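Step one of this worksheet: look at the structure below.
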2 protein chains.
Amino acid sequence: MTEAQASRLDPVFHALSDATRRRMLHDLARGERTVSELAEPFSMSLQAASKHIKVLEGAGLIRRQVLGRTHKCRLEPAPLANAFQWLGFYEQFWTARLDALDALLRAEDARKSRSPRKRR
Amino acid sequence: MTEAQASRLDPVFHALSDATRRRMLHDLARGERTVSELAEPFSMSLQAASKHIKVLEGAGLIRRQVLGRTHKCRLEPAPLANAFQWLGFYEQFWTARLDALDALLRAEDARKSRSPRKRR
DNA sequence: TCGATAGTCAACCATGTGGTTTATTATTTT
DNA sequence: AAAATAATAAACCACATGGTTGACTATCGA
């Protein structure tokens, strides 16, 4: 990952740190949505929702197309890919831990097989 | 992902939204570190670094073992795996876009092959 | 043209964030 | 016992965040 991409992770992870914005992204995964449509599921003012949308836009997670008085928003996946890639570096740690657990369970299984009073 | 896991994404993504804390995690990927060791690379007070460490701890990203007056910190990968899994849902969108780009390039290449004035 | 609709802007508020400095606790070293 | 070290706690500061309400702009539809 380049330095420029890494520095843009700040606003991306910040945008993702709010459940409202994550729900909006999930909604946008189903297709384009207007600002009103994105705001509708939430019990907050349209203005508050509009701020959330601007945070997502500022992080590059969505783009908007103004059509008359409505704004169509669509998902922009590239920054999510960057975040995913950053997290991917740590995959070795959780898979290592799962491998260890797996090994432990296999060893336990083998032990039970040698004294087969009650196989699972 | 369960609802309980999803709700814990808030502090995880928030912890990741700061470059200082991301660097600390990267450092911890190399092995255990004390609070002082984690703070050393940064031009900020030990107290400020200690706050960052507490944010990471609060998100469950690190655990600490108190040994006398030193605190050994180690990486806790599980919440990173949750975040990775959450982002993984969107993988379809960036791979779709790359596939489309790929198709476009292939089509362009084919066009050039049919009128082979100057092959790339 | 006139009212309804989509959306933003601006001001305000309570709380959170990231940093500082000073003080404190607990442990290790001499 | 005294000094040095590792780390936290607390108070403070400037600024960001997430929400509100009220006013405004621009477009659509009757």
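Predicted model, so just to flag it, every value in this text is computed and none were measured. Just the heavy atoms: all of them, side chains too, but no hydrogens, waters or symmetry mates, feed the values below.
Distance B:K72 NZ to C:dT27 P: 17 Å, rounded to the nearest Å. Rounded to whole Å, the distance from CG on A:D18 to P on C:dG16 is 14 Å. Taking atom CE of residue B:M44 and atom P of nucleotide C:dT21, one finds them 13 Å apart after rounding to whole Å. In this structure, the NE2 atom of B:H14 is 8 Å from the C1' atom of C:dG16, given to the nearest Å. B:K51 has its NZ atom 11 Å from the C1' atom of C:dG16, to the nearest Å. When rounded to the nearest whole Å, the span between CG of A:L46 and P of C:dA4 equals 18 Å. For A:Q65 and C:dA6, the CD to P distance is 18 Å, given to the nearest whole Å. Rounding to whole angstrom units, CG of residue A:D10 and C1' of C:dG18 are separated by 12 Å.
Clustering ILVMFWY residues whenever any of their side-chain heavy atoms sit less than 4.5 angstrom apart, transitively, puts B:V55 in a cluster other than the one holding B:I62.
The structure places CD of A:Q65 at 7.0 Å from CZ of A:R74, a figure rounded to the nearest 0.5 Å.
Between A:W86 and A:F13, the two ring planes are perpendicular [angle over 60°; tilted spans 30° to 60°]. In this pair, A:Y90 and B:H26 present their aromatic rings perpendicular. The plane angle is above 60°, beyond the 30 to 60° band.
The footprint of chain A on DNA chain D, defined by a heavy-atom cutoff below 4.0 Å, extends from D:dT17 to D:dC28.
The only member of A:V12, A:L9, A:L16 that meets side-chain contact (heavy atoms from CB on, under 4.5 Å) when paired with A:P79 is A:V12.
Each of C:dT20, C:dT8, C:dG18 was ranked by its minimum atom distance to the side chain of A:V35; first place goes to C:dT8. Considering only side-chain atoms of A:Q47, the nucleotide from C:dC9, C:dG18, C:dA6 that sits closest is C:dC9.
Comparing A:L67 and A:S43 against DNA chain D, the residue whose closest nucleotide sits nearer the 5' end is A:S43.
Contacts of B:S45 with the nucleic acid, taken as non-hydrogen atoms under 4.0 Å apart, include base atoms. Heavy atoms of B:T20 sit nowhere under 4.0 angstrom from any nucleic acid atom.
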Return all side-chain donor-acceptor pairs below 3.5 angstrom for residues 35-52 of chain A, not counting sequence neighbours, or 'none' if the list is empty.
from	atom 1	to	atom 2	distance (Å)
A:E37	OE1	A:T34	N	2.8
A:S45	OG	A:A48	N	3.1
A:H52	ND1	A:R21	NH1	3.1

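Ion pairing of A:R63 with A:E57 is absent here, as no side-chain N (NZ or NE/NH1/NH2) approaches a carboxylate O to less than 4.0 Å.
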